Number of protein chains: 2
Amino acid sequence: MSPPTTSTPAWNVLVATCPSRTSLAEIANKWTAMIVVVLSEGPHRFTQLRDAVDGISGKVLSDTLKRLERDGIVSRAAYDEMPPRVEYSLTPLGQSLHEPLRSLSRWAEAHIEQVLEHRDAYDARPPRTTLG
Amino acid sequence: MSPPTTSTPAWNVLVATCPSRTSLAEIANKWTAMIVVVLSEGPHRFTQLRDAVDGISGKVLSDTLKRLERDGIVSRAAYDEMPPRVEYSLTPLGQSLHEPLRSLSRWAEAHIEQVLEHRDAYDARPPRTTLG
DNA sequence: CAGAATCCGTGTAGATACTG
DNA sequence: CAGTATCTACACGGATTCTG
């Protein structure tokens with residue numbers, strides 16, 4: 001039974017011993033963000049995912065999917081066929097995570113130019129060896 | 001089809017060569033999330049931040065703040081006093097990042113119990129050595 | 001106080017090769 | 001196709017020390 005949204009969460013990620021930190025570390029991750037965004041469009045097979053998330057290696061994809069499955073964010077459906085077919089999809093829990101993560105990746109896309117400009121300016125500035 | 005947002009982002013994090021990936025990697029990070037959430041309440045000094053983000057080490061805080069400053073997300077104000085005083089705050093760019101990141105940490109807090117239950121169930125299940 | 005510098009352990013990523 | 005198994009490598013996090 002999950003608490004209604006009105007209830008105050010007993011957890012606080014700012015506390016080191018809070019278990020919610022372990023899941024924050026899991027979801028605040030670039031691969032997780034991209035995988036969840038892709039899976040939000042519907043079930044994907046392993047190779048489909050690897051193609052969609054350009055540049056990810058098979059091992060990293062496999063590891064990440066396993067962790068997400070363990071956390072109940074992704075579900076795995078293996079069909080006993082030849083050649084083998086496995087489909088990954090978002091659980092309801094994972095779907096609730098989609099919005100926050102999509103916001104993040106959208107932010108990255110929308111503000112990358114500003115970020116790049118800042119980086120250029122920062123890197124052009126002399127190091128703060130002496131007091132300015 | 002792309003949604004009718006105000007401006008169409010030319011960037012796509014799913015493409016490996018897209019520069020927005022570099023900023024996604026930066027912001028999709030547990031320390032960044034916690035720091036931005038804390039700074040959203042107002043400027044903080046270094047030690048205040050280290051206390052607020054429980055468990056973070058001085059080096060990691062310093063490194064992360066430097067990266068965030070470089071990206072234009074955090075601004076640093078050093079006052080030439082004795083003892084030294086430095087205040088960190090969110091730039092307007094950083095403030096625009098607050099909502100997405102707060103959503104993430106709230107998700108972690110709100111769903112940690114479900115996540116823990118899934119982990120227990122997953123770990124209790126025998127390994128998938130043979131076909132199920 | 002606010003850090004820089006240093007050292008070090010570990011996790012995570014990446015490449016490659018192999019299997020059912 | 002959908003992984004697993006290995007190995008390597010480096011970035012990251014963490015603890016400690018030193019300084020203006």
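In this text, all values refer to a predicted model and were calculated from it rather than measured experimentally.
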(message) As a quick check of understanding, evaluate side-chain contact (heavy atoms from CB on, under 4.5 Å) for Arg45(B) and Val86(B), giving each step before the final call.
(response) CA-CA 6 Å; Arg45(B) 303 177 60 169; Val86(B) 177; over 6 Å; no
Contact under 4.0 Å: [X] side-chain N or O vs [N] OP1/OP2:
| X | N | result |
| --- | --- | --- |
| Tyr88(A) | dC1(D) | no |
| Arg45(B) | dC1(C) | no |
| Ser62(B) | dA4(C) | yes |

How close or far is atom [atom2] of [N] from atom [atom1] of [X], stated in whole angstroms?
| X | N | atom1 | atom2 | result |
| --- | --- | --- | --- | --- |
| Leu61(B) | dA2(C) | CG | P | 10 Å |
| Phe46(B) | dT19(D) | CZ | P | 18 Å |
| Leu49(B) | dC1(C) | CG | P | 14 Å |
| Glu81(A) | dA2(D) | CD | P | 10 Å |
| Arg50(A) | dG14(C) | CZ | C1' | 13 Å |
| Leu65(A) | dT12(C) | CG | P | 15 Å |
| Glu26(A) | dG11(C) | CD | P | 15 Å |
| Met82(B) | dT19(D) | CE | P | 15 Å |

(request) Verify side-chain hydrogen bond (donor to acceptor under 3.5 Å, both in side chains) between Ser75(B) and Ser89(B), making sure each step is shown before the conclusion. (result) CA-CA 5 Å; Ser75(B) 69; Ser89(B) 38; 3.2 Å; yes
(message) Heavy atoms from C-beta onward define the side chain here; which of dT4(D), dA2(D), dA2(C) lies closest to that of Arg76(A)?
(response) dA2(D)
(message) Of the listed nucleotides (dC1(C), dA2(D), dG3(C)), which one gets closest to any side-chain atom of Pro84(B)?
(response) dC1(C)
(request) Nearest 0.5 Å please: distance from the CD1 atom of Ile27(B) over to the CG atom of Leu104(A). (result) 4.5 Å
(message) Any side-chain to backbone donor/acceptor pair from Thr32(B) onto Glu26(B)? Under 3.5 Å, distance only.
(response) yes
(message) Between Arg21(B) and Leu14(B) (side chain of the first, backbone of the second, donor and acceptor by atom type, cut-off under 3.5 Å), is there such a pair?
(response) yes
(request) Identify, with sequence neighbours excluded, every residue that meets ring-ring contact (aromatic ring centres under 6.0 Å, His included) alongside Trp107(B). (result) His111(B)
(message) Can you confirm whether the side chains of Ser57(A) and Arg50(A) place a donor and an acceptor under 3.5 Å from each other?
(response) no
(request) Classify every nucleotide of nucleotides 9-18 of chain D by which part a protein heavy atom approaches to under 4.0 Å, writing B for the base, S for the sugar-phosphate alone and - for neither, in 5'-to-3' order. (result) ----BBB---
(request) Answer with base, sugar-phosphate or nothing: what part of the nucleic acid does Tyr79(A) contact at a heavy-atom distance below 4.0 Å? (result) nothing
